[in-house]
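Here is the structure we will look at.
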Amino acid sequence: MIYFTGDTHFADPRVLRIDRRPFPDMTSHDVTLIRNWNEIVDPQDDIWHLGDFMSFRGGDCDQLLSMLNGRKHLIIGNNDPPTTTEATGWASVQHYSEMTLDDHLLILCHYPFRTWNKMGKKSINLHGHSHGRLKPLPRQYDVGVDAQGLRPVSLQSLLSTKRGP
């Protein structure tokens, strides 16, 4: 299986205030996000994290990555410091990627696009950054934890999501 997530912001207390995440402190936040991740993602699965993984104050990124299931790929976000992007626990690190999954061309970036490659041919833009606050365009999905119930999500789950009129 392949899963997508983003904007976990491990060890970044700003998310408790700015994004109003329902936790009394960062320890309970991080423990819950790790548990949610590992309940969905198996060790042999691939998971694409679309940016803003953890704060540089969070300690050893490789230690955190070792606690999370799956082969982890990072799409770099605006809050990913060198301590995150240079960690050895990533299977890949890049700013942008395209992949075909279940006959769908996926355009992966931390940032939501107004237009994207092969948009007119039904490609799909997966992104983070907006923390569930941006009205999506057709075939555009925010995979960040704020938009996805604090959990990684599969493409099949995204495509079955009922959206507005």
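Here the side chains of E39 and R151 are in contact, with some heavy-atom distance below 4.5 Å. Side chains of N69 and D45 form no contact here, defined as non-hydrogen atoms less than 4.5 Å apart. The side-chain heavy atoms of Q140 and H127, taken from C-beta on, include a pair separated by under 4.5 Å. Using a 4.5 Å cut-off on side-chain heavy atoms (C-beta onward), I75 and S97 make contact. The shortest distance between side-chain heavy atoms of R14 and N79 falls below 4.5 Å. Here the side chains of Q148 and L158 are in contact, with some heavy-atom distance below 4.5 Å. F113 is not listed as a side-chain neighbour of M119, based on a closest heavy-atom distance of 4.5 Å or more. Side-chain atoms of L105 and T100, non-hydrogen and from C-beta on, do get closer than 4.5 Å to each other.
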Evaluate the criterion side chain to side chain contact (heavy atoms under 4.5 Å, CB included) for residue pair L106 and W48; output intermediate values, then yes/no.
CA-CA 12 Å; L106 304 181; W48 288 80; over 6 Å; no
Worked verdict on H49 versus T84 for side chain to side chain contact (heavy atoms under 4.5 Å, CB included)
CA-CA 12 Å; H49 192 290; T84 294; over 6 Å; no
Could you walk me through whether I47 and W37 satisfy the side chain to side chain contact (heavy atoms under 4.5 Å, CB included) test, starting with their C-alpha distance in whole Å, then the side-chain angles of each, then the deciding distance to 0.1 Å, before giving a yes or no?
CA-CA 10 Å; I47 179 157; W37 178 308; 3.5 Å; yes
Take D30 and F23 through the test side chain to side chain contact (heavy atoms under 4.5 Å, CB included) and record every step on the way to the result.
CA-CA 9 Å; D30 291 357; F23 302 98; over 6 Å; no
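Annotation for P112 and G128: closest pair CD-O, 3.8 Å, computed over non-hydrogen atoms. The shortest heavy-atom contact between L65 and A87 is CD1-CB, 4.0 Å. Residues M26 and H9 approach most closely at CE-O, 3.9 Å, considering heavy atoms. Between L150 and N36, the shortest heavy-atom contact is O-ND2, 3.0 Å. Summarising the geometry of L155 relative to L101, their closest heavy-atom pair is CD2-O, 3.7 Å, with the distance given to 0.1 Å. Residues R71 and H73 come closest through the heavy atom pair O-CD2, 3.5 Å.
Transitive grouping of hydrophobic side chains (ILVMFWY, heavy atoms separated by less than 4.5 Å) brings I40 and F10 into a common cluster. Transitive grouping of hydrophobic side chains (ILVMFWY, heavy atoms separated by less than 4.5 Å) keeps M54 and I18 in distinct clusters. Cluster membership check: V153 does not share its hydrophobic cluster with L74, using side-chain heavy-atom separations under 4.5 Å among Ile, Leu, Val, Met, Phe, Trp and Tyr. Transitive grouping of hydrophobic side chains (ILVMFWY, heavy atoms separated by less than 4.5 Å) brings L16 and V145 into a common cluster. If you chain together hydrophobic residues whose side chains sit under 4.5 Å apart, Y111 and I107 never meet in one group.
Side chain of D142 to main chain of G144: a donor-acceptor pair is present (N/O by atom type, distance under 3.5 Å, no hydrogens or angles). Put simply, the side chain of N125 never gets that close to the backbone of C109: no donor and acceptor are under 3.5 Å apart. Remark: side-chain polar atoms of D46 are not paired, donor with acceptor, to backbone N or O of I2 under 3.5 angstrom. When atom types are taken as modelled, the side chain of D25 and the backbone of T27 share a donor-acceptor pair closer than 3.5 angstrom.
Scanning for ring-ring contact (aromatic ring centres under 6.0 Å, His included) contacts around W90 gives F53, with sequence neighbours left out. Listed by chain and residue number, M1, Y3, Q156, S157 satisfy the side chain to side chain contact (heavy atoms under 4.5 Å, CB included) test with S154 (two or more places apart in sequence, or in another chain). With sequence neighbours left out, the side-chain hydrogen bond (donor to acceptor under 3.5 Å, both in side chains) criterion links N78 to H110, H129.
Here the straight-line distance linking atom CG of L64 with atom CD1 of I34 works out to 5.0 Å at 0.5 Å rounding. For the atom pair T5 OG1 and D52 CG, the distance stands at 11.5 Å (nearest 0.5 Å). Rounding to the nearest 0.5 angstrom, the gap separating the OG atom in S28 from the CZ atom in R35 is 10.0 Å. The CZ atom of F56 sits 9.0 Å away from the CG atom of D12 when rounded to the nearest 0.5 Å.
Checked by atom type, the side-chain pair T85/D80 shows no donor-acceptor distance below 3.5 Å.
Looking at R20 and D146, no side-chain N of the basic residue comes within less than 4.0 Å of a carboxylate O on the acidic one, giving no salt bridge.
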